[in-house]
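All figures in this text were calculated on a predicted structure; none of them were measured in a lab.
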Amino acid sequence: MKKILLLSLVLLGITATAQQNPPQPIDPNVRKGILENGLTYYIRQNKLPENRADFYIAQKVGSMQEEDNQSGLAHFLEHMAFNGTKNYPGKDMLNYLQDNGIKFGTNINAYTSLDETVYFLTDVPTTHENLVDSVLLVLHDWSNGILLEDEELEKERGVIREEWRTGGGAQFRLWKKMLPVMYKDSKYANRLPIGSIDVINNFKPEEIRAYYKKWYRPDLQGIIVVGDFDLDNMETKVKELFNKIPAQENPATREYFPVPDNDTPIVSIATDPEATRTQLMVFYKHEPIPNEIKLSQAGLVLNYIKSAAATMINERFQEMVQKPNAPFTSAYAYDDEYFVAKTKDAWTVVGGSADDKIKDAIAAMIRETERVRRFGFTASEYERARTNILKQYENGYNNRDKERNSRYSQEYVSSFINSEPIPGIEYEYNMMNMIAPNIPVEAINQTIAQLIGDKNMVISVSGPEKEGLVYPTEDELVAAINNVKSEKIEAYVEEVSNEPLIATPPTPGKIALVEKNEALDATVWTLQNGMKVILKTTDFKDDQIVMTGSSTGGYSQYAVQDPINARMMNNIITLGGVGNFSTTHLTKALAGKTASARPGVSLTTQDFNGSSSIKDFETMLQLVYLYFTAPRSDDDAFQSFIQRMETQLKNQEAEPMVAFSDAATKALYGDNPLTKRTKVEDLAGIDYKRIMEMYKQLFRNPGSFVFTFVGNIDEVKVKPVIEQYLASLPGKAVKGEFIHVPMDYLKGKSENIFQREMQNPKASVFIASTGNMERSQKNTLLMSIFDQILDIVYTEKIREDEGGTYGVYTQGGISRYPKGQSTLQIVYDTDPTKMENLNAIIHRELKSIADNGPRAEDFSKVKEYMLKQYNENLKENSYWMNVLDTNYFYGEDNHSNYLTILNSITANDVKNFVKEFLSQGNEAVVVMLPKE
């Protein structure tokens with residue numbers, strides 16, 4: 001890596017001296033410090049969302065710190081952080097936080113990886129100082145006050161067992177086979193965080209306490225606080241609280257375990273009977289960038305070079321995928337950590353392939369990589385990549401004062417865990433505009449050529465295990481590598497077009513009527529063609545405009561007669577690109593622009609969705625205009641799509657959960673062809689020409705559309721653009737046609753208990769209550785409250801008290817179509833021997849709410865969260881886009897009275913709603929059990 005660095009600097013005319021390769025600064029907007037006990041903190045004031053803050057504690061500790069007899073303790077310990085701490089015994093912490101609208105699973109969560117464990121509390125209200133102090137105390141307790149009580153440990157064993165059961169599918173088993181080969185003679189070979197089920201079942205409480213005491217200590221911990229608060233005050237609080245934690249005497253060495261080099265290629269081939277896809281990975285391992293380089297200006301240069309190279313080769317891969325009989329179904333490349341290891345980096349190429357093309361796909365991935373190594377990239381490719389990268393930095397810079405807390409929180413976690421620089425977008429933007437124009441394509445090519453070495457190669461192949469499928473042997477894959485390297489490979493030649501999106505702009509139309517909606521602070525234009533355009537100016541982002549457009553109809557008019565083409569339409573209509581541009585050439589034409597627009601078709605609507613910067617608003621509308629007037633077909637792209645779909649669908653039945661999903665769908669809809677999943681045999685019935693005819697019919701009348709734009713909009717400046725590209729479209733104010741099609745749920749009670757062969761025995765349960773309720777705003781809120789209350793209840797009763805499942809998933813809703821059709825779906829996995837008992841608890845709690853109403857504390861927690869979420873939504877462009885679209889397209893105002901209705905809802909309202917809903921007596925139960 002030092003050789004690569006020196007090459008890059010020499011090519012830039014820079015000498016690698018400390019004076020001329022200074023470190024990147026730390027963003028002046030963040031306070032970073034290290035306490036006497038070794039704890040690091042990052043604190044930043046940020047006002048988006050208003051009156052909210054994120055709190056993180058990151059630990060440089062993960063499953064790599066475990067010994068064999070401790071496998072799984074790091075992850076188990078993460079769970080225990082929520083089961084009692086010094087200042088919050090039992091469930092006091094979760095109860096207190098949720099009483100303040102901080103939702104478990106959404107705002108309260110954690111994760112464990114091989115080299116890190118991170119806990120976080122997000123979107124915490126900062127208007128109550130006591131709450132802020134309490135949240136800091138939670139981080140303090142996670143640092144050194146987790147109780148690890150015997151009773152709680154025993155209860156959590158059940159939860160972990162069920163997490164292991166739920167997550168122990170094909171991908172987990174493949175990784176268990178792959179890592180010992182890919183990381184031979186390294187500790188990374190056998191350290192997946194979920195650990196060993198034997199350890200989970202049998203470790204003694206003192207073992208996890210010893211692990212906690214040994215590894216959770218301030219010199220390995222980072223506190224990150226970002227949000228709307230007084231910076232000095234927050235820093236004082238953090239210092240005073242966390243300075244009290246004593247430094248550990250004679251701490252154990254925190255070791256980062258090496259990954260050995262290899263002269264000859266390592267080949268891993270792993271299969272599983274339930275795998276549904278073939279994944280291929282090619283790694284060219286190399287040493288990681290030393291921290292002193294990573295944190296310097298040279299590190300910024302190297303990151304730019306690697307990003308540009310990845311952008312260019314990925315564009316080539318995408319171009320290949322669009323052609324029929326492509327060697328792989330997908331491929332992309334990047335340079336970063338070697339899969340799961342922090343002590344080795346790799347130029348990595350990831351791809352997918354058909355079952356019978358594995359060797360060809362691997363060869364093609366290596367061939368393109370070899371082509372880059374020998375010939376590099378072209379000047380035109382590089383100009384596009386450079387333009388796109390600079391545009392990304394420009395977007396970040398333009399919106400620098402309107403970034404959400406989460407953006408900074410994640411950046412500082414990465415800084416602490418991975419020693420990533422945090423110079424701030426102003427510095428990065430200015431430096432990149434100096435660096436990028438002065439780095440020639442030759443610098444990119446020579447640097448990447450050195451990353452792609454002859455040694456240290458690793459090939460990983462994973463996929464389905466089934467009769468008749470023969471994988472290439474290790475020797476055959478090594479031979480494929482050698483064959484490619486001995487080939488005469490030609491340099492890449494690309495087609496470049498400077499044609500504008502629209503060669504002859506249309507004659508502008510007129511705005512026929514201008515109105516103002518004072519309540520929603522929006523402008524309403526009715527265009528001469530009947531189209532309605534809604535505009536709302538906001539300052540939530542300095543350089544963003546979001547768009548949606550809706551029209552009634554959808555594929556409903558084709559659904560009954562032609563269900564296959566109708567269902568597949570949304571996936572196919574944009575395959576050919578638009579206007580004179582294939583999808584490949586369209587990507588090139590949009591280089592350096594922040595603009596997107598895509599048509600879509602659902603059962604009931606045809607629509608557009610898109611976004612742009614202020615500068616590229618016209619480009620977004622040009623795309624809309626072209627999708628209306630010049631949709632493009634591409635038979636090659638369609639053939640490629642069908643071949644990729646066939647590969648994707650071919651093995652789907654191998655996954656047991658597919659059978660479970662099919663059974664659940666059938667329990668709800670019976671044999672309705674519109675609800676069935678697409679199978680391989682359906683592909684032959686897809687008619688590309690017919691689908692494009694349907695598309696043109698659906699989008700033939702732009703006057704039936706309502707378009708909504710929200711963002712930093714100057715009405716004077718967007719007016720001529722809207723007149724030119726929307727008002728100019730031919731159309732009339734006639735609503736689209738919607739045909740009523742059968743989509744009703746089956747009535748009555750049904751039960752389907754079936755068995756399925758599975759590698760990891762579990763019971764999967766689906767319970768759906770259905771009925772018909774008026775789709776009023778109050779009722780939709782009541783259904784949401786009911787749904788969220790069940791999350792709390794089932795987490796307590798099923799997960800925590802019974803140790804019966806990793807989680808119960810609930811979802812409720814009242815549909816627009818069929819009008820008022822309502823459903824509550826409950827899904828979970830469990831031990832087959834526990835299924836009947838847990839189902840009894842599920843039904844008991846439903847009946848309890850219907851008979852007695854929700855518990856007061858649960859009702860209060862959910863309402864508090866919904867109020868908090870509402871206030872956060874008020875500063876989101878996407879929220880207002882949905883509010884206005886719903887208002888003008890569906891005639892529903894879901895905003896103006898939201899707070900009034902929500903505040904008026906009582907626990908008794910919930911009880912009555914649930915009682916009425918459940919009394920309709922419709923319930924479908926599906927249980928999939930392992931075949932004995």
Side-chain angles (χ1 to χ4, degrees), residues 165-179 181 267-282 317 320-321 324-332 349-365 459-473 476-477 564 567-568 571-572 638-666 675-686 754-762 764 829 926 928-931:
R165 190 188 309 279
T166 296
Q171 192 59 60
F172 172 73
R173 292 189 297 273
L174 288 170
W175 278 41
K176 291 279 282 185
K177 294 176 182 178
M178 290 159 52
L179 296 189
V181 179
V267 178
S268 163
I269 301 172
T271 63
D272 189 88
E274 293 176 3
T276 61
R277 64 192 179 100
T278 301
Q279 185 178 54
L280 315 173
M281 294 185 284
V282 180
F317 284 142
M320 292 174 69
V321 166
N325 303 311
F328 38 67
T329 56
S330 65
Y332 62 93
V349 187
V350 181
S353 85
D355 293 346
D356 57 352
K357 286 188 174 181
I358 294 171
K359 197 159 60 171
D360 291 342
I362 288 281
M365 291 159 63
I459 306 288
S460 170
V461 176
S462 62
E465 179 183 311
K466 61 182 182 180
E467 188 176 350
L469 175 55
V470 179
Y471 282 78
T473 65
E476 286 174 328
L477 290 174
I564 298 296
R567 287 200 329 252
M568 293 300 296
N571 298 309
I572 288 174
F638 173 69
Q639 281 303 117
S640 169
F641 170 79
I642 293 296
Q643 289 164 0
R644 284 179 279 128
M645 283 293 293
E646 183 177 1
T647 298
Q648 177 184 324
L649 300 175
K650 193 173 184 179
N651 298 308
Q652 61 180 341
E653 273 84 6
E655 165 57 66
M657 294 307 289
V658 170
F660 178 66
S661 177
D662 286 348
T665 301
K666 186 170 183 177
T675 64
K676 293 184 177 180
R677 66 180 168 88
T678 304
K679 299 182 180 181
V680 171
E681 52 266 31
D682 295 327
L683 299 179
I686 297 176
F754 68 98
Q755 294 183 336
R756 176 71 158 72
E757 286 187 4
M758 56 183 77
Q759 299 296 305
N760 183 35
K762 64 177 179 178
S764 294
D829 290 336
V926 175
M928 182 175 69
L929 297 170
K931 188 173 285 186

**OP:** Can you establish whether the number of heavy atoms outside Lys177 located under 6.0 Å from its atom NZ is more than 12?
**Re:** yes

Original post:
Would the number of heavy atoms belonging to other residues, nucleotides or ligands and lying under 6.0 Å from CD of Glu757 be above 12?
Top reply: no

**OP:** Return yes if some donor-acceptor pair links the side-chain N/O of Asp360 with the main-chain N/O of Lys357 below 3.5 Å, else return no.
**Re:** no

Subject >> Polar side-chain atom of Glu646 near backbone of Gln643 as donor-acceptor pair, under 3.5 Å >> reply: no

Subject >> Spatial distance of atom CD (Gln171) from atom CD (Glu655) [nearest 0.5 Å] >> reply: 11.0 Å

Original post:
Side-chain donor-acceptor pair under 3.5 Å between Gln759 and Asp272, yes or no?
Top reply: no

**OP:** Determine, stepwise, if the pair Arg173 / Glu274 fulfils side chain to side chain contact (heavy atoms under 4.5 Å, CB included).
**Re:** CA-CA 10 Å; Arg173 292 189 297 273; Glu274 293 176 3; 3.0 Å; yes

**OP:** Kindly say whether Asp829 contributes a backbone atom to a donor-acceptor pair with the side chain of Thr166 at under 3.5 angstrom?
**Re:** no

Original post:
Are the side chain of Asn651 and the backbone N or O of Arg277 linked by a donor-acceptor pair below 3.5 Å?
Top reply: no

Original post:
Please walk me through it: do Glu476 and Thr473 pass side chain to side chain contact (heavy atoms under 4.5 Å, CB included)?
Top reply: CA-CA 5 Å; Glu476 286 174 328; Thr473 65; 3.2 Å; yes

Original post:
Do any N or O atoms from the side chain of Ser640 and from the backbone of Val321 form a donor-acceptor pair under 3.5 angstrom?
Top reply: yes

**OP:** Could you pull out the closest heavy-atom pair between Phe754 and Ala663, with the gap in Å?
**Re:** CE2-CB, 3.7 Å

**OP:** Could you tell me which residues satisfy salt bridge (Lys or Arg N to Asp or Glu O under 4.0 Å) with Asp662, sequence neighbours excluded, listed by chain and number?
**Re:** Arg677

Original post:
Heavy-atom distance under 4.5 Å between the side chains of Phe638 and Ile572, does that happen here?
Top reply: yes

Subject >> For Ser353, the option from Ile362, Thr278, Val461 that meets side chain to side chain contact (heavy atoms under 4.5 Å, CB included) >> reply: Thr278

Original post:
Can you name the nearest heavy-atom pair linking Ala170 to Ala275, along with the distance?
Top reply: CB-N, 3.7 Å

Original post:
Within a radius of less than 6.0 Å around CZ of Arg567, do more than 12 heavy atoms belonging to other residues, nucleotides or ligands occur?
Top reply: yes

**OP:** Start with the C-alpha gap between Leu280 and Met365, add the side-chain angles, then the distance that decides, and say whether side chain to side chain contact (heavy atoms under 4.5 Å, CB included) holds.
**Re:** CA-CA 9 Å; Leu280 315 173; Met365 291 159 63; 4.0 Å; yes

Subject >> Asn571/Phe641 under side chain to side chain contact (heavy atoms under 4.5 Å, CB included): CA gap, chis, key distance, verdict >> reply: CA-CA 9 Å; Asn571 298 309; Phe641 170 79; 3.9 Å; yes

Subject >> Side-chain touch Asp355/Lys466, heavy atoms, less than 4.5 angstrom >> reply: yes

**OP:** For residues Ala361 and Pro327, report the shortest heavy-atom separation together with the two atoms involved.
**Re:** CB-O, 3.3 Å

Original post:
Looking only at atom types and distance, does a side-chain atom of Ser661 sit under 3.5 Å from a main-chain N or O of Met657, one as donor and one as acceptor?
Top reply: no

Subject >> Side-chain heavy-atom pair Arg165, Asn760 within 4.5 angstrom cut-off >> reply: yes

**OP:** Enter the distance from Gln755:CD to Leu929:CG here, rounded to the nearest 0.5 Å.
**Re:** 6.5 Å

Original post:
Okay, side chain of Arg756, backbone of Ala659: is any donor-acceptor separation there less than 3.5 Å?
Top reply: no

Subject >> Side chains of Gln652 and Leu649 in contact at under 4.5 Å (non-hydrogen atoms) >> reply: yes

Original post:
If you take all heavy atoms of Met178 and Ser462, which pair is closest and at what distance?
Top reply: SD-CB, 4.0 Å

Subject >> Residue pair Phe660 / Ser764: nearest heavy atoms and the distance that separates them >> reply: CE1-O, 3.2 Å

Original post:
Does the side chain of Met758 reach to within under 4.5 Å of the side chain of Lys762, using non-hydrogen atoms?
Top reply: yes

Original post:
Can you tell me how far the OG atom of Ser268 sits from the CH2 atom of Trp175, to the nearest 0.5 Å?
Top reply: 12.0 Å

Subject >> Closest approach of Ile269 to Pro472 (non-hydrogen atoms, all atoms of both residues) >> reply: CD1-O, 3.2 Å

